[in-house]
Amino acid sequence: MVIALVLLFVTCLSLSFFEEKFKERDKKIIYIFLGVLMILIAGLREVGSTPDTEAYEDMYYGKYFITEILTEPTFLWISALLKSLSLSVGALFMTYAIISIPLHLSVLWRMSSIPLLTLTIYISYYYMMHDMVQIRAAIASGLFLWAIYFYVEKHKMYALGCILVGILFHYSAATGLILFLLREEIPHWQKHVLYAIVPIGLVAYFTDLDISYLVPEELGGAKLMAYRELKEKGLENDQAGWALEVNILIWMNIVLYYASIYYQDFLTKHCKYVPIAIKVQAVGFCCLFFLKGVSKILGNRLNDYFSVASIILWTASVFAFYPTLLGKVINNVISSIRFVTSMLAYALSLLFL
């Protein structure tokens, strides 16, 4: 699996340098072919080859006690259907991959003028984290990208539908409804607010500011209570991932966030989804920094959900450089760092789980 992932990433990265030279038809064929490979790699992986596969196996066969109220209905429906056909847990991985990856690839194709580079960005982190690990969140994030697309294209009912369907796959998708409170433009005064979010948030994060008393017990129901129980038992650090201090992926997104705000007017000329993507990323940072007191796991996972918008920002950042090839080189170097870091996270997770 490791070899397949490396070959997939290197192939996509290499092709991204030459995609302008491909005919539209040829580029689409390459794009679809890479998508098929992504489905096969994610769908055919063995239990124990990536984090969470053993947990999903236990959930699938009912070995891991988890109440139905804590499990999204689609997982229960899909599992019941596959088990009725006497299929193994491998069929579950394949089913989620068949749904999630085309969702991502189809919307990224529509949102990007350089889709192979965008695909490289997606593979370097979100494919690794979601489609290879958090498979329920993977579908929710793909639907959220579609919601962003429809929102900017003035089809807000479609955007709402995407988020509501996403909730059936992962309850955290309900937070995506905040999209409808965001305006597409960024007035000058809002830039100052966006600039201030990270420094204020870092102060809140590192001083352990607890705003949990502002969050009602009923909010999120049993799911939020489960997160709070992990925190109270001191178990959340085991599942919250790398500490912020050493999480290079988040710090790279912070740098990208500030650069995108500063060059927002220029980047928007090349990608009209940039202003909304900046605001969505800001919401993700708010979750990361200010929800730590409620649940570090919840804050991290919501940040991951909203930070899927960073795919748009990383792609658009290419056009901030001249020639564009320089932007591609820088972007692909950063994608390589994300890819290696994600692979390292896999190895460490499997080693200590």
Side-chain angles (χ1 to χ4, degrees), residues 1-22 25-53 56 90-139 141-142 145 248-249 252 304 307-308 310-312 314-315 318 328-350:
M1 187 202 72
V2 172
I3 295 175
L5 281 170
V6 172
L7 289 176
L8 170 69
F9 177 73
V10 171
T11 299
C12 193
L13 183 148
S14 301
L15 290 172
S16 69
F17 285 110
F18 311 103
E19 62 179 300
E20 289 88 353
K21 297 180 180 180
F22 296 134
R25 175 178 172 275
D26 294 338
K27 187 191 295 187
K28 188 173 294 186
I29 291 173
I30 293 170
Y31 194 76
I32 293 173
F33 176 72
L34 291 171
V36 171
L37 290 180
M38 292 168 67
I39 291 173
L40 293 176
I41 293 172
L44 296 177
R45 71 190 188 279
E46 297 179 353
V47 174
S49 61
T50 60
D52 280 15
T53 49
Y56 275 115
L92 179 74
F93 300 146
M94 180 60 75
T95 300
Y96 272 84
I98 289 173
I99 298 172
S100 171
I101 293 169
L103 266 177
H104 284 86
L105 266 63
S106 56
V107 69
L108 293 176
W109 178 272
R110 294 192 180 208
M111 298 174 82
S112 174
S113 60
I114 42 176
L116 292 179
L117 181 83
T118 306
L119 188 57
T120 304
I121 296 166
Y122 167 48
I123 292 173
S124 70
Y125 180 63
Y126 280 96
Y127 173 69
M128 304 278 285
M129 181 187 66
H130 280 164
D131 296 293
M132 300 293 290
V133 182
Q134 301 172 13
I135 57 177
R136 292 173 295 165
I139 297 178
S141 71
L145 277 174
I248 187 174
L249 303 176
M252 286 194 298
D304 284 334
S307 292
V308 73
S310 69
I311 297 175
I312 301 169
W314 281 115
T315 302
V318 170
K328 286 190 174 186
V329 171
I330 294 173
N331 226 302
N332 281 333
V333 168
I334 293 172
S335 290
S336 298
I337 294 172
R338 278 198 303 269
F339 181 79
V340 172
T341 303
S342 298
M343 293 293 286
L344 178 61
Y346 276 5
L348 292 176
S349 296
L350 293 174

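The structure displayed is predicted, hence computed values, not measured ones.
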Keeping R45 on the side-chain end and A42 on the backbone end, is there a donor-acceptor pair under 3.5 Å? yes

Does S112 use its side chain to pair, donor to acceptor, with the backbone of W109 at less than 3.5 Å? no

First locate atom CG of L8, then atom CG of L37, and finally report the distance between them rounded to the nearest 0.5 Å. 6.5 Å

Under 3.5 Å donor-acceptor, Y96 side chain and R136 backbone: no

I would like to know whether L5 and F339 meet side chain to side chain contact (heavy atoms under 4.5 Å, CB included); could you show each step before the answer? CA-CA 10 Å; L5 281 170; F339 181 79; 4.3 Å; yes

Angle class for the F93/Y56 ring planes (parallel below 30°, perpendicular above 60°, tilted otherwise)? perpendicular

So does A138 get a backbone contact from the side chain of S141, meaning a donor-acceptor N/O pair under 3.5 Å? yes

Does either side chain, that of T120 or that of N332, offer a donor lying less than 3.5 Å from an acceptor on the other one? no

Is there a donor-acceptor contact under 3.5 Å from the side chain of N331 to the main chain of W314? yes

Apply side chain to side chain contact (heavy atoms under 4.5 Å, CB included) to residues V308 and Y125 and explain how you reach the verdict. CA-CA 10 Å; V308 73; Y125 180 63; over 6 Å; no

For S335 and R338, which I'm curious about, is there any donor-acceptor pair between the side chains at under 3.5 Å? yes

Expected output: side-chain Y31 to main-chain L105 donor-acceptor under 3.5 Å: yes

Any sub-3.5 Å donor-acceptor pair from E19's side-chain atoms to K27's backbone N or O? no

Check for a donor-acceptor pair, side chain of K328 on one end and backbone N or O of S16 on the other, with a separation under 3.5 Å. yes

Begin from the C-alpha positions of F17 and L116 and carry the test side chain to side chain contact (heavy atoms under 4.5 Å, CB included) through to its verdict. CA-CA 9 Å; F17 285 110; L116 292 179; over 6 Å; no

Atom CD of residue position E46 - does it have more than 12 heavy atoms of other residues, nucleotides or ligands inside 6.0 Å? no

